[in-house]
S.K.: 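Sending over a structure as structure tokens; questions will come in a sec.
Naming convention: chains lettered A, B, ... in sequence-line order (proteins, then strands); numbering from 1 in each chain.
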Number of protein chains: 2
Amino acid sequence: MFEPVGQSPAYRRVCEVIRGRILSRDLPEGAVLPTETELARQFEVNRSTVREALRQLQSNGLVGRRRGGKRLVVTRPTKEAVAGGFSQALALHEARVMDVCEALLAVEPGIAAAAARQRGDATVQRLRAAAQRFTGAGGDSAEAVGAVAEFFDALAAGSGNPVFVLLNEPLMGLLQPGLADIIDRVPQARRRIGMAQQQILQAVAAADADAAAAWMSRHVQDFRRGYEVAGLPLAAAVGHGPG
Amino acid sequence: MFEPVGQSPAYRRVCEVIRGRILSRDLPEGAVLPTETELARQFEVNRSTVREALRQLQSNGLVGRRRGGKRLVVTRPTKEAVAGGFSQALALHEARVMDVCEALLAVEPGIAAAAARQRGDATVQRLRAAAQRFTGAGGDSAEAVGAVAEFFDALAAGSGNPVFVLLNEPLMGLLQPGLADIIDRVPQARRRIGMAQQQILQAVAAADADAAAAWMSRHVQDFRRGYEVAGLPLAAAVGHGPG
DNA sequence: TCCATGATAATTGTCCGACAATCCGACAAT
DNA sequence: ATTGTCGGATTGTCGGACAATTATCATGGA
């Protein structure tokens with residue numbers, strides 16, 4: 001009948017105030033926060049309380065420390081930080097490998113198409129490097145998986161769309177363990193991946209969005225099929241990847 | 001030449017240990033954590049240190065409190081929590097409205113298709129309710145926007161794919177402010193949205209994945225066009241939405 | 001027997017003060 | 001210009017403290 005009249009604890013209010021300042025660009029990226037003692041003085045709370053608030057902001061990636069630095073500075077969340085939270089949530093929501101495949105199938109062709117529409121030379125360069133790294137990765141499956149992820153990352157970055165970059169990252173994190181299995185167990189996987197990368201690369205270089213999307217679609221479906229061929233269960237829950 | 005030799009502070013190590021226990025299902029969802037004093041005793045650190053670690057886990061959505069409760073319990077991150085971090089990051093990465101549109105165009109048709117393939121009766125029900133809520137929302141644009149978001153949410157949930165649910169949520173958060181503008185300024189927007197919802201609804205009910213995807217594609221493109229017609233700048237940065 | 005009530009213990013939120021480690025900037029010495 | 005040294009500033013961690021709130025339980029009444 002009545003909603004509980006709640007008051008948030010001080011550490012949460014302090015956190016929200018600072019968060020608001022950052023999101024409103026009032027505290028721009030790179031700005032150094034006042035010292036903990038000074039914050040405690042300004043907010044009129046104890047330093048311990050300030051520290052609890054800062055820890056929350058830190059795990060959101062909104063503040064961080066410069067390498068070897070002591071003072072906290074405002075940072076924007078790296079795609080890794082966002083992806084970490086995402087994968088974590090996904091792992092606890094018992095997402096299955098097939099779910100990730102389905103999502104990849106929906107998202108990645110769009111990313112490839114967007115990258116093709118942009119056709120930045122730097123992107124083509126980076127894609128080529130990633131493809132080369134993949135073919136050169138001999139028997140080192142970890143290296144090969146890294147190269148595949150790098151290829152996808154390059155596409156997302158090349159789309160010039162930060163939304164794609166952030167969407168792509170967690171999916172890559174979830175893809176990698178399974179991909180390693182496939183590359184290890186399915187002999188023809190290497191060849192097929194390499195071919196798909198070449199085709200996508202050419203499509204992007206030619207600014208052919210439709211072709212890029214189509215090949216990416218095949219690329220992802222290949223992954224799914226490879227998983228089945230390898231005798232791995234598509235309904236298995238994804239583990240919490242690196243992050 | 002040399003990597004910096006770093007040692008993480010105690011509050012971070014404590015956080016990581018607890019996080020690991022949660023992600024490995026060792027501490028299952030709903031489990032109540034030991035009290036702060038007890039954790040401090042077990043980890044052999046001060047309670048303040050434990051509290052800093054807990055604040056980090058809390059902002060990741062891995063632990064929370066039951067309504068009016070005092071003890072912390074293990075929870076899985078709600079889609080809202082994930083979306084919050086995502087939108088936050090996007091806002092700081094200066095994502096533009098057109099970027100969000102592009103992402104919607106890539107993701108949502110896939111979600112609609114997946115939902116159609118599932119064709120759960122509950123999904124159809126929920127979609128119908130959302131559509132009805134939209135048409136019934138008269139001049140209340142906030143209500144209309146909420147109904148649209150609910151329609152998308154229902155689709156994502158109906159896909160049976162938690163990845164889609166989590167991908168969808170932040171995009172909805174970013175979509176809403178702009179959508180409100182459009183509904184306010186473009187007279188025919190209501191009719192077009194209503195029609196698209198009906199078509200998608202029918203496609204899902206008929207388990208016609210292709211049709212669902214196609215109509216969703218038109219639906220999203222409509223949004224983009226409406227934004228232009230309304231004279232709003234597609235290159236404007238998205239604000240940090242509710243969350 | 002079962003439920004409401006009140007007393008009591010446990011737990012969190014917040015504060016204070018303290019100290020070692022270490023980072024920063026300045027300054028001197030080679 | 002590089003290195004050594006020093007004092008101040010800042011963080012990481014600790015110990016203890018107390019009020020407010022919640023959990024627990026015994027008790028008495030229906």
S.K.: Report yes if a side-chain nitrogen or oxygen of B/Tyr11 is closer than 4.0 Å to either non-bridging phosphate oxygen (OP1 or OP2) of D/dT13; otherwise report no.
M.R.: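 So the side-chain polar atoms of B/Tyr11 never come under 4.0 Å of the phosphate oxygens OP1 or OP2 of D/dT13.
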S.K.: Check A/Glu94 with B/Arg25, please: is the shortest side-chain N to carboxylate O separation under 4.0 Å?
M.R.: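 Judged by the 4.0 Å cut-off on N to carboxylate O distance, B/Arg25 and A/Glu94 do form a salt bridge.
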S.K.: Is it the case that over 12 heavy atoms from other parts of the model lie below 6.0 angstrom from the CZ atom of A/Arg66?
M.R.: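 12 or below, so no.
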S.K.: Going by an N to O cut-off under 4.0 Å, is there a salt bridge joining A/Arg12 and A/Glu52?
M.R.: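 Result for this pair is no, no salt bridge flagged.
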S.K.: Using only atom types and a distance under 3.5 Å, with no angle test, would you say the side chain of B/Arg55 pairs donor to acceptor with the backbone of A/Arg55?
M.R.: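 No: the side chain of B/Arg55 does not pair with the backbone of A/Arg55.
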S.K.: I need the CD-P distance between A/Glu36 and D/dT13, as an integer number of Å.
M.R.: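 Those two atoms, CD and P, are 11 Å apart.
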S.K.: Just the rounded figure in Å: distance from P of C/dA10 to CZ of B/Arg47.
M.R.: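 It works out to 15 Å between those atoms.
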S.K.: Show me the protein contacts with nucleotides 21-27 of chain C, counting only N or O atoms at under 3.5 Å.
M.R.:
unit_1 : atom_1 : unit_2  : atom_2 : d
C/dT22 : O2     : A/Lys70 : NZ     : 2.8

S.K.: For DNA chain D, just give me the dot-bracket, please: Watson-Crick or G-U, both distances below 3.5 Å, ( ) intra-strand, [ ] crossing earlier pairs, | paired with another strand, . unpaired.
M.R.: ||||||||||||||||||||||||||||||
S.K.: So, A/Arg13 and A/Glu16, do they make that salt bridge, N to O below 4.0 Å?
M.R.: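 No, A/Arg13 and A/Glu16 are not salt-bridged.
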S.K.: As a test of reading the structure: which of D/dT13, D/dC14, C/dG13 is closest to the side chain of B/Ala10, going by heavy atoms?
M.R.: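 So the nucleotide nearest the side chain must be D/dT13.
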S.K.: Expressed in angstrom and rounded to an integer, what is the separation of A/Glu52 atom CD from C/dT14 atom C1'?
M.R.: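 These atoms are roughly 9 Å apart.
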S.K.: May I ask you to decide if B/Leu27's main-chain N or O and B/Arg21's side chain share a donor-acceptor pair within less than 3.5 Å?
M.R.: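 No.
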S.K.: Taking CD from A/Gln58 and P from D/dT11, how many angstroms apart are they, rounded to a whole number?
M.R.: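 Rounding to the nearest Å, CD of A/Gln58 and P of D/dT11 are 11 Å apart.
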S.K.: Are A/Glu102 and A/Arg96 close enough for a salt bridge, meaning some N to O gap below 4.0 Å?
M.R.: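 Result for this pair is no, no salt bridge flagged.
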S.K.: Is the shortest side-chain N to carboxylate O distance from A/Glu143 to A/Arg133 below 4.0 Å?
M.R.: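 Yes, A/Glu143 and A/Arg133 are salt-bridged.
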S.K.: Check whether the side chains of A/Asn46 and A/Ser48 place a donor and an acceptor atom closer than 3.5 Å, and report yes or no.
M.R.: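 Yes, side-chain donor-acceptor contact under 3.5 Å.
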S.K.: Check whether any side-chain N or O of B/Asn46 sits under 4.0 Å from OP1 or OP2 of D/dT13, and answer yes or no.
M.R.: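 Looking at the OP1 and OP2 atoms of D/dT13, neither is under 4.0 Å from any side-chain N or O of B/Asn46.
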S.K.: Answer with base, sugar-phosphate or nothing: what part of the nucleic acid does A/Arg65 contact at a heavy-atom distance below 4.0 Å?
M.R.: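 Sugar-phosphate contact only.
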S.K.: Describe the nucleic acid contact of B/Arg66 in one word from base, sugar-phosphate, nothing, applying a heavy-atom distance below 4.0 Å.
M.R.: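 B/Arg66: no heavy atom of the nucleic acid under 4.0 Å.
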S.K.: Side chain to side chain contact (heavy atoms under 4.5 Å, CB included), that's the test. Do A/His93 and B/Arg76 meet it? Break it down for me.
M.R.: CA-CA 7 Å; A/His93 279 268; B/Arg76 53 177 150 181; 3.8 Å; yes
S.K.: In whole angstroms, how far is the C1' atom of D/dG12 from the CG atom of A/Leu54?
M.R.: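 So the CG-C1' distance, A/Leu54 to D/dG12, works out to 13 Å.
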S.K.: Does B/Thr37 place a side-chain N or O at less than 4.0 Å from the phosphate oxygens OP1/OP2 of C/dA10?
M.R.: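 No, because none of the side-chain N or O atoms of B/Thr37 sits under 4.0 Å from OP1 or OP2 of C/dA10.
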S.K.: Within less than 4.0 Å of OP1 or OP2 of C/dA10, is there a side-chain N or O belonging to B/Thr35?
M.R.: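 The answer is no; no side-chain N or O of B/Thr35 sits under 4.0 Å from OP1 or OP2.
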S.K.: Atom CD of B/Glu38 and atom C1' of C/dA9: how far apart are they, to the nearest Å?
M.R.: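 It works out to 16 Å between those atoms.
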S.K.: Figure out the CZ/P separation between A/Phe43 and C/dT14, and round it to whole Å.
M.R.: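 That distance rounds to 14 Å.
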S.K.: Given atom CZ of B/Arg51 and atom C1' of C/dT11, what is their separation to the nearest angstrom?
M.R.: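 After rounding, the gap between these two atoms is 10 Å.
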